Amino acid sequence: MGDIAHSTITFDSLFARDFREMAIPWRAAEVPDPQLLVLNETLAGELGLDPAFLRSPAGLHLLTGNAVPGEATPVAQAYAGHQFGWYAPRLGDGRALLLGEIGHADGQLRDIHLKGSGPTPFARNGDGQAVIGPMLREYLVSEAMHALNIPTTRSLAVVATGRQVQRETLLPGAVLTRVASSHLRVGSFQYARSTGDLGLLRRLADYAITRHHQAAAEVGNPYLALLQAVVSAQASLVAQWMLVGFVHGVMNTDNMTISGETIDYGPCAFMDGFDPGVVFSSIDETGRYSYRSQPVVAEWNLARLAESLLPLLHEDQDQAVELAVEALAGFRQQYSAAWFAGMKAKLGFREGLGDDVTSPLVDELVALIQESKADYTSFFRNLGKAARGQSGPARGQVLDLSAFDDWAVRWYALAPDADAMDRVNPVYIPRNHLVEETLDAATAGNLGPLERFLAAVSSPFDERPGFSSYADAAPEGFGTYRTFCGT
Ligand code: AMP
Ligand code: MG
C-alpha cells in the first residue's frame with residue numbers, strides 16, 4: 001500500500017489507536033482498474049475534500065484503500081451481534097475498513113469507511129468483495145434518506161474495481177466509501193462487554209459520549225444518560241422510517257448505530273401499497289423485520305445495548321437492572337410521540353389542535369389506506385392537493401369513498417396547511433421498480449438513469465417537470481418485491 005504524497009487529507013486514527021482490542025490493522029485488496037462511478041461532490045466539499053483530487057488516479061487509490069496518507073491506520077472493526085435473534089460473538093468488518101476520522105464542516109468528526117475493500121480476518125467464508133448494484137443501491141437510498149431529513153450514514157463515492165466477483169453469476173466488483181458519524185453499533189458494545197474487560201467497555205462508552213451524546217458527560221450518571229440518549233435517538237429514527245414507509249429489512253444489533261443514524265442498506269425498501277406486514281428481504285421468512293415490527297425490534301435491540309452497559313449503570317446489579325428497565329421504558333413513549341407528531345405534520349394540522357380532535361382523524365386515515373392498500377407515498381402527497389381543494393387524486397386511491405368523504409369533511413374543517421404538508425410528504429422516493437431498472441442499467445455500464453434518479457430523490461419534496469415517472473406507483477405487473485442481503 002503506497003502513501004499519498006502532497007494530499008491535504010489528514011486522517012485521525014482515534015478508534016485504531018484507542019481501541020486496539022477491537023481494531024485489526026489491515027490493508028485493502030489491490031484494485032486492478034479503478035473507475036469512478038459516482039462521486040458526491042457536495043459531501044466532499046463538506047468534508048474539505050477536493051473533488052478534482054478524488055477523481056484523480058491518487059484519489060481513486062484512496063477511495064479503494066490502495067494508497068492512504070502515511071499517518072492513516074486502516075482497521076477492520078470488531079463487533080458482535082444478534083442476527084435474526086441469534087447471537088454471533090464475532091462478526092466484525094468482513095469486507096470493510098475504517099480508514100480513519102476526518103472533520104466535517106459542522107465541527108464534528110466523521111468516519112471514512114470502505115465497503116467491499118477485500119477480505120479481512122473477520123471475513124469467515126465471505127470473499128470480502130462487493131458488487132456494483134448493491135453499492136450503488138446503498139449510495140442511492142442513503143442519499144435519498146438524507147434528503148428526506150432522516151439521520152443516515154452518507155455515501156461519498158462508488159468505484160468499480162475492474163474485478164469480477166462470483167455471485168449467482170459473475171458481476172463487476174465495486175467499493176463504496178461510506179461516511180458516518182461513527183460506526184459504533186449496539187454490536188460494538190455487545191463485543192466489548194463479552195470480553196469481560198470493563199475498562200474497555202467504559203472507554204467505548206466514553207468514546208460514544210464524546211462522538212455523539214456529549215450532554216451525557218454533564219450529568220451524575222453519564223452511562224445511564226448515554227443509554228437514554230441512544231433510546232431517544234432510535235425512537236425518533238424508527239418513527240421517521242415508519243412515517244416515510246421505509247423498511248430496513250435487516251435490523252440485527254450489528255446494524256443499529258449508537259449515533260441514531262440509519263446504517264447498512266442491504267435488503268431495505270420503501271413500501272408501495274400500504275401493508276403493515278410487508279417484508280421484502282428474501283431471507284426474512286418469519287417477518288421478524290417487517291414494516292410494523294420495526295419499533296418492537298428496535299426496542300429489543302436497545303435491550304441488548306442496556307444489558308451490555310449494565311456494569312456501568314450501577315455497581316449493584318439489581319439497581320443497574322432497574323435503571324436499565326426504566327430507560328428502556330422511555331422508548332415506547334418517545335416513539336409514539338414522534339410518530340404521532342409526524343402524522344399530524346403529514347396531515348397538515350396546525351399548532352394548537354387538541355389530541356382529542358387530531359388522534360381519531362389520524363387513526364381513521366391509517367385504517368382507510370390500509371384497507372385500500374393505497375400507494376403510501378403518493379397518497380399523502382395527493383392529500384396535499386386535497387388540502388388545496390383538489391380531492392380527486394387522493395379520493396381515487398381509497399376503496400370506501402363514503403368513509404373518505406366523511407373523514408375529509410372533518411379534516412377540511414381544521415384548515416390543513418397544504419404547503420406544510422408538501423414539506424414533509426415526499427413526491428420522489430427510491431421506488432423499487434425504478435431502483436431495479438436503474439441498477440441493472442448501471443451494472444451494464446449505463447449510468448445515465450442513476451444520475452437522473454439521484455437528481456429526483458435528492459430534492460424529494462420539490463415537484464419538478466420532467467420527473468413525473470419517479471412519482472408514479474409501481475406498474476400493475478411489478479408483483480411482489482424481493483431484496484437480498486450478503487451482496
Ligand atoms: P451485513 O448483513 O452486511 O450487515 O453483514 C453481516 C456480516 O457479514 C458482517 O460481519 C459483514 O462484514 C459480513 N459480510 C457480508 N458480506 C461479506 C462478504 N462478501 N465477505 C466477507 N464478509 C461479509
Ligand atoms: Mg452490517
Side-chain angles (χ1 to χ4, degrees), residues 15 18-23 77-92 122 182-238 251-261 263 288-289 293-337:
F15 192 88
D18 295 345
F19 296 94
R20 288 173 201 257
E21 304 92 331
M22 299 177 64
Q77 292 179 290
Y79 49 83
H82 277 90
Q83 298 183 303
F84 289 90
W86 299 95
Y87 184 63
R90 190 181 142 104
L91 290 169
F122 297 110
S182 89
H183 284 78
L184 297 179
R185 308 150 188 266
V186 170
S188 311
F189 281 87
Q190 292 180 287
Y191 184 90
R193 174 74 201 273
S194 75
T195 64
D197 179 347
L198 285 193
L200 171 64
L201 184 66
R202 190 180 303 272
R203 262 189 292 130
L204 194 66
D206 288 336
Y207 184 65
I209 290 171
T210 308
R211 293 267 325 242
H212 307 301
H213 303 293
Q214 286 98 349
E218 310 298 325
V219 302
N221 188 339
Y223 305 117
L224 177 62
L226 171 64
L227 176 61
Q228 289 165 333
V230 181
V231 166
S232 298
Q234 287 292 340
S236 161
L237 178 67
V238 176
M251 290 177 71
N252 296 332
T253 56
D254 51 306
N255 292 337
M256 181 179 264
T257 59
I258 298 304
S259 64
E261 288 179 344
I263 195 169
R288 180 180 173 92
Y289 299 140
S293 304
Q294 296 185 118
V296 174
V297 171
E299 188 184 40
W300 191 90
N301 289 350
L302 290 164
R304 307 288 80 74
L305 175 66
E307 281 168 2
S308 305
L309 290 173
L310 279 181
L312 303 183
L313 298 183
H314 202 286
E315 54 202 21
D316 176 87
Q317 187 167 332
D318 289 342
Q319 294 198 47
V321 169
E322 211 169 291
L323 291 171
V325 167
E326 205 176 300
L328 288 167
F331 181 86
R332 286 185 185 211
Q333 182 268 323
Q334 292 178 69
Y335 168 79
S336 297

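These numbers come from the heavy atoms of this one structure, side chains and all, not from hydrogens, waters or symmetry mates. Keep in mind the model is a prediction, meaning the values are calculated, not measured.
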- prompt: With no hydrogens and no angle check, is any side-chain donor or acceptor of D254 less than 3.5 Å from a backbone partner on R185?
  reply: no

message: For A298 versus V238, what's the shortest heavy-atom pair and its separation?
response: CB-CG2, 3.8 Å

- prompt: What closest approach, in Å, do A324 and L310 show between heavy atoms, and which atom pair accounts for it?
  reply: CB-CD2, 3.9 Å

query: Once you round to the nearest 0.5 Å, how far does CD of Q83 lie from CZ of R288?
result: 11.0 Å

Rounded distance [0.5 Å steps], CG in L328 versus CD in Q228: 10.0 Å

message: Within the structure provided, determine whether P311 and R193 are in side-chain contact (heavy-atom separation under 4.5 Å).
response: yes

message: Taking the side chain as everything from C-beta on, heavy atoms only, tell me whether Y335 gets closer than 4.5 Å to V231.
response: no

task: Check for a donor-acceptor pair, side chain of R304 on one end and backbone N or O of Q190 on the other, with a separation under 3.5 Å.
output: no

- prompt: Is there a donor-acceptor contact under 3.5 Å from the side chain of T210 to the main chain of D206?
  reply: yes

message: For W300 versus G85, what's the shortest heavy-atom pair and its separation?
response: CH2-CA, 4.2 Å

message: Please list all pairs meeting salt bridge (charged side-chain N to carboxylate O under 4.0 Å, His left out) that have one or both residues in residues 309-333, counting only residues at least two apart or in different chains.
response: E299-R332

- prompt: To the nearest 0.5 Å, what is the distance between CG (L305) and CZ (F189)?
  reply: 6.5 Å

- request: Please answer whether the main-chain N or O of G330 pairs with a side-chain N or O of Q334 as donor and acceptor at a distance below 3.5 Å.
  value: yes

query: Quick one: ring-ring contact (aromatic ring centres under 6.0 Å, His included) partners of F122, sequence neighbours excluded?
result: none

- prompt: Are the side chain of E261 and the backbone N or O of L237 linked by a donor-acceptor pair below 3.5 Å?
  reply: no

- prompt: Parallel, tilted or perpendicular: which describes the rings of Y207 and F19, with under 30° parallel and over 60° perpendicular?
  reply: tilted

query: Which pair of heavy atoms, one from A225 and one from A216, lies closest together, and at what distance?
result: CB-CB, 3.6 Å

message: Test of understanding: with ring-ring contact (aromatic ring centres under 6.0 Å, His included), list the residues that count as partners of H183, not counting sequence neighbours.
response: H113

- prompt: Taking the side chain from N301 and the backbone from M256, do they hold a donor-acceptor pair closer than 3.5 Å?
  reply: no

query: How long is the span from the CG atom in D18 to the CG atom in L200, to the nearest 0.5 Å?
result: 11.0 Å

- request: With rounding to the nearest 0.5 Å, note down the distance linking CE in M22 to OG1 in T195.
  value: 8.0 Å

- request: Report yes if the side chains of Y289 and N252 come closer than 4.5 Å at any heavy-atom pair, otherwise no.
  value: yes

message: For a quick test of reading the model, state the closest non-hydrogen atom pair linking G260 to A233 and the distance between them.
response: CA-CB, 3.9 Å

query: In terms of heavy-atom contacts, does CD of Q317 have more than 12 from other residues, nucleotides or ligands at under 6.0 Å?
result: no

field: Close side-chain approach of I258 and R211, heavy atoms under 4.5 Å
entry: no

field: Steps toward side chain to side chain contact (heavy atoms under 4.5 Å, CB included) verdict (F15, L204)
entry: CA-CA 9 Å; F15 192 88; L204 194 66; 4.2 Å; yes

- prompt: Between the side chain of T253 and the main-chain N/O of H82, is any donor-acceptor distance below 3.5 Å?
  reply: yes

statement: Of all heavy-atom pairs linking N221 and L312, the shortest is OD1-O, 4.3 Å

